[in-house]
S.K.: 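Quick one: the structure is below, and I'll ask about it shortly.
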Amino acid sequence: MLDLRYVVDHLDEVQAALTRRSAAAAETLAPIAELGKKRRELIVAVETKAQQRNAANEAMAKADKKSPAFTEKREELKRLSTEIKEAEKGLAECEAEVQKLLAVVPNLPDASVPVGKGEEDNQVVRTWGEKPSFAFTPKEHVELGTALGILDFERAAKISGARFTVLFGAAARLERALISFMLDLHTREHGYTEVLPPFLVKDTALYGTGQLPKFEEDLFKTQKSDEGKAFDLYLIPTAEVPVTNLHAEEILDGAELPVAYTAYTPCFRSEAGSHGRDVRGLIRQHQFDKVELVRFTSPETSDAQHELLTSHAEEVLKRLKLPYRVSLLCTGDMGFGAQKTYDIEVFLPGQGQYREISSCSNYGDFQARRAQIRYRAEPKGKARLAHTLNGSALAVGRTLIAILENYQQADGNVVVPEVLRPFMGCEVIRGR
RNA sequence: GGAGAGGUGACCGAGUGGUCGAAGGUGCACGAUUGGAAAUCGUGUGUGCGGAAACGUACCAAGGGUUCGAAUCCCUUCCUCUCCGCCA
């Protein structure tokens, strides 16, 4: 969420910045600023009256309760009190209105983010690794996995419908190996603390990270209701939600920054708008595994921390010897809350193209303001909003695909990347 | 699921209608003392909002109500703890 005060006081500047991302979003700013001004006026009005009431009440406390003056004063205060309640109601409505509007305004893009409409305007900033060469036509993971009997889409559909997959044998084990490998790397070498958070969260947590109120249709919501007692939790779409909210409404000790967490969780997405895209295989699923990195930093260091976090995600691909490239997303392709995002795309020989396997974003104070995540740089200093960052490192299912496609052999078997062999207990996947 | 007890500041804990943003303690910060430290003493120590500031205002789980006035009384919800039941 943007800072209301800043929007009111620097409307032109904020409008210009947001226009780079979306003209439509920028148009909502003027009415917000108007309401912001109105809000200030209402606050002054309410507080002036409250001050009168408080002073009068103090006098009442000392007055003789039987005197006629007391009775008279009481009547007067009754009126004032009613007035205050009215005024407070108006203020609350104004406040609610402005919050409602502000809650759906996306973050301002960082100055270094290129302006663009969509994917095609993203900038490739670096490429790593050699694309493998094959003496045969490389297959896609669906074909490979199905032939090996380790990926089963039909049975998944029987149980759960479209966009689910059953992993058997070596694939299930590979998934688990990847999770362990990634977590070990991040905890032992990159300094992250491992977290295993709840997979069901309250709406407030989703509001904190920005999925709500605007993107409810992408989420799965539980509905256990009995006799008026609601149990309305959402399945997490990413570990970012519970992990970032770990420090919601907290004031962190500046000396402990940056705080770095890594978490494995399954992720659940209804992907309501994605009908027809990536229908085959496990690229786009309702449920998938992901290892996430989350960092809490000071504003001064968040850019450097963003580069660092991205490098941690890249390191996973380097160790697995999977070719990839890193793109700086343009304003039109960035997520709602991000101020700057790098996508890491892995090369999939079967598809003959790069596909997203990680997205690493700096959210600035956008999430911190929503979730009230603050820190104190000096022991007696003022509490300031922290910056939050997160990135996938990596999306496990897509990593599994990348391994199948990049390490496939002419006979349809798949060589296990060296670093995973201790976890897999074998060098080649030959079937279940 | 049944029965009971609670939710007060960084923490512990007092406070049953006005003088309470809240005693006392711990912790923390600064100062004094000391060769240095411990101990001791003194001072300070929440957050948001409005304001250039002075200051004002709001907040004692959350929301609503009673009252001129609520941390204190009433209602609802949420959460925590104890015992029993159920359960991986």
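On a predicted model such as this, the values are computed, not experimentally measured, just so you know. A, B, ... follow the sequence lines: proteins, then strands. Residue 1 opens every chain.
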S.K.: To the nearest Å, how far apart are A/M60 CE and B/rG69 P?
M.R.: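 Roughly 9 Å, once rounded to whole Å.
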S.K.: Determine which pairs satisfy side-chain hydrogen bond (donor to acceptor under 3.5 Å, both in side chains) with at least one residue from residues 175-193 of chain A, sequence neighbours left out, and list them in order.
M.R.: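 For residues 175-193 of chain A: A/H186-A/H190, A/E189-A/R319, A/Y192-A/R295, A/Y192-A/H312.
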S.K.: Expressed as a whole number of Å, how far does the P atom of B/rA39 sit from that of B/rC73?
M.R.: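 Their P atoms lie roughly 40 Å apart.
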S.K.: Please list all pairs passing the ring-ring contact (aromatic ring centres under 6.0 Å, His included) test where one or both residues lie in residues 142-185 of chain A, with sequence neighbours left out.
M.R.: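 Sorted pair list: A/F164-A/H286.
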S.K.: Listed by chain and number, what are the side-chain hydrogen bond (donor to acceptor under 3.5 Å, both in side chains) partners of A/E250, not counting sequence neighbours?
M.R.: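 With neighbours one apart ignored, the set is A/H247.
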S.K.: Out of B/rC68, B/rU47, B/rC49, which nucleotide sits closest to the side chain of A/R374?
M.R.: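 Of the candidates, B/rU47 comes closest.
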S.K.: Given atom CG of A/L77 and atom P of B/rA70, what is their separation to the nearest angstrom?
M.R.: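 To the nearest whole Å, that distance equals 11 Å.
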S.K.: List the protein contact pattern of nucleotides 52-63 of chain B with one symbol per nucleotide (5' to 3'): B for base contact, S for sugar-phosphate-only contact, - for none; contact means a heavy-atom distance under 4.0 Å.
M.R.: ----BSS-----
S.K.: Can you pull the side-chain hydrogen bond (donor to acceptor under 3.5 Å, both in side chains) pairs that have at least one residue in residues 421-432 of chain A, sequence neighbours excluded?
M.R.: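 Sorted pair list comes back empty.
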S.K.: Any chance you could encode RNA chain B as dot-bracket? Rule is Watson-Crick or G-U wobble with both distances under 3.5 Å; [ ] for pairs crossing earlier ones, | for another strand.
M.R.: ((((((((.[[[..)..(.....]]]((((((.......))))))(((((....))))).[[[[[..)....]]]]])))))))....
S.K.: Output the rounded distance in Å from CD (A/E41) to C1' (B/rG51).
M.R.: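 Result: 14 Å.
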S.K.: Sequence neighbours excluded, which residues qualify as side-chain hydrogen bond (donor to acceptor under 3.5 Å, both in side chains) partners of A/K340?
M.R.: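 Here the qualifying residues are A/S112.
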S.K.: Among A/D110, A/N362, A/T297, find the one that has a side chain to side chain donor-acceptor pair (under 3.5 Å) with A/S302.
M.R.: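 Filter result, single survivor: A/N362.
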S.K.: Using atom CD of A/E249 as one end and atom C1' of B/rU47 as the other, report the distance to the nearest whole Å.
M.R.: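 Spelled out: CD on A/E249 to C1' on B/rU47 is 12 Å.
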S.K.: Working to the nearest 0.5 angstrom, can you tell me the gap between A/R384 CZ and A/I251 CD1?
M.R.: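 Answer for the CZ-CD1 pair, A/R384 versus A/I251, is 13.5 Å.
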S.K.: Between A/S81 and A/V44, just flag the one whose closest nucleotide in RNA chain B comes earlier from the 5' side.
M.R.: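 Looking at RNA chain B, the more 5' nearest nucleotide goes with A/V44.
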S.K.: What does A/K49 touch in the nucleic acid at a heavy-atom separation under 4.0 angstrom: a base, only the sugar-phosphate, or nothing?
M.R.: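 No contact.
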S.K.: Quick one: is B/rC49 close enough that its OP1 or OP2 comes under 4.0 Å of any side-chain N or O from A/R39?
M.R.: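 False: A/R39 side-chain N/O out of range (4.0 Å or more) of B/rC49 OP1/OP2.
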S.K.: Quick one: on RNA chain B, does A/E75 or A/R376 contact a more 5' nucleotide (nearest heavy atom)?
M.R.: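 Result: A/R376.
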S.K.: The criterion is side-chain hydrogen bond (donor to acceptor under 3.5 Å, both in side chains); which residues satisfy it with A/T165, sequence neighbours excluded?
M.R.: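 Once residues adjacent in sequence are excluded, the partners of A/T165 under the side-chain hydrogen bond (donor to acceptor under 3.5 Å, both in side chains) criterion are A/Q285.
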S.K.: Look at A/K382 and B/rG48 and indicate whether a side-chain polar atom (N or O) is within less than 4.0 Å of OP1 or OP2.
M.R.: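 True: A/K382 side-chain N/O within range (under 4.0 Å) of B/rG48 OP1/OP2.
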S.K.: Expressed as a whole number of Å, how far does the P atom of B/rU82 sit from that of B/rU76?
M.R.: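 One P to the other, the span is 25 Å.
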S.K.: If the condition is side-chain hydrogen bond (donor to acceptor under 3.5 Å, both in side chains), which residues does A/E194 pass it with, not counting sequence neighbours?
M.R.: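 Applying side-chain hydrogen bond (donor to acceptor under 3.5 Å, both in side chains) to A/E194 gives none.
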S.K.: Roughly how many Å is it from CG in A/D203 to C1' in B/rC78, rounded to a whole number?
M.R.: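 After rounding, the reported distance stands at 13 Å.
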S.K.: I want to check one thing: is the phosphate of B/rU67, taken as OP1 and OP2, less than 4.0 Å away from some side-chain N or O of A/R74?
M.R.: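 Result: no.
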